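Comments concern the structure below.
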Amino acid sequence: MVLDAWMDGAAPFAYTSGTLRSTGKTLADAEAQIRSAGTAEPAEQSALAAAVKDLSAAVARAEAGLQADSRAEVQNARQDLRQGSRTLATAYARYFAPKP
C-alpha cells in the first residue's frame with residue numbers, strides 16, 4: 001500500500017523508504033524463523049520460506065527503485081510484491097493445512 005501511495009504522490013520518500021526497510025527486515029527475520037523451525041513437512045516449509053524470500057527480494061528491488069527515483073523499477077517491484085503475496089498465501093495455507 002505504501003508503494004501505491006508513493007506512486008500517487010501521497011506518501012513522502014522518507015516514510016516510504018523507512019517502511020520498506022522495516023518490511024524487509026521483518027521478512028528476513030520471518031524467513032530465518034521458518035527455516036529454523038522443526039517440521040514434519042519439509043517441502044511445505046521450504047515453499048513457505050521461498051515465498052517469504054521472494055517477497056523480501058521484491059521489497060529490496062522496490063527500495064532500490066525508490067532510492068534511484070525510478071518509477072518503472074518501483075512499479076515492477078510492486079507487481080512482484082502482489083504476485084509474491086499470492087504465492088505466500090498459497091504456501092501458508094499448505095503449510096498450516098490440517099494433515100491427514
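Please read all numbers here as calculations on a predicted model, not as lab measurements.
- Residues E63 and R21 are paired through a salt bridge, judged by an N-O separation under 4.0 Å between the basic side chain and the carboxylate.
- No option in T26, T19, L81 other than L81 meets the side-chain contact (heavy atoms from CB on, under 4.5 Å) test with V59.
- Side-chain atoms of T90 and R86 form no donor-acceptor pair, as typed in the model, at a separation below 3.5 Å.
- Around CZ of F96, the count of heavy atoms belonging to other residues, nucleotides or ligands within 6.0 Å exceeds 12.
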Inset, instruction - Please assess T87 against D54 for the test side chain to side chain contact (heavy atoms under 4.5 Å, CB included), listing each intermediate value before the final yes or no. - result: CA-CA 9 Å; T87 302; D54 289 348; 5.6 Å; no
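- Within 6.0 Å of CZ in R94 there are 12 or fewer heavy atoms belonging to other residues, nucleotides or ligands.
- With a 6.0 Å cutoff to the six-membered ring centre and a 45° limit on the axis angle, R71 counts as a cation-pi contact of W6.
- The side-chain heavy atoms of V74 and L3, taken from C-beta on, include a pair separated by under 4.5 Å.
- Nearest heavy-atom pair across Q45 and S36 is NE2-N, 4.4 Å.
- Between the CD1 atom of I34 and the OH atom of Y92 there is a distance of 10.0 Å, given to the nearest 0.5 Å.
- Under the 3.5 Å distance criterion, with hydrogens and angles disregarded, no donor-acceptor pair is assigned to the side chains of E31 and S56.
- When all heavy atoms of D80 and A58 are compared, the closest pair comes out as CB-CB, 3.9 Å.
- In terms of heavy atoms, A49 sits closest to R35 at CB-CZ, 3.6 Å.
- In this structure, the side chains of D4 and R78 come closer than 4.5 Å at one or more pairs of heavy atoms.
- Atom CD of Q83 is separated from atom CG of L55 by 10.0 Å, given to the nearest 0.5 angstrom.
- Distance check: L20 CG to Q67 CD gives 9.0 Å after rounding to the nearest 0.5 Å.
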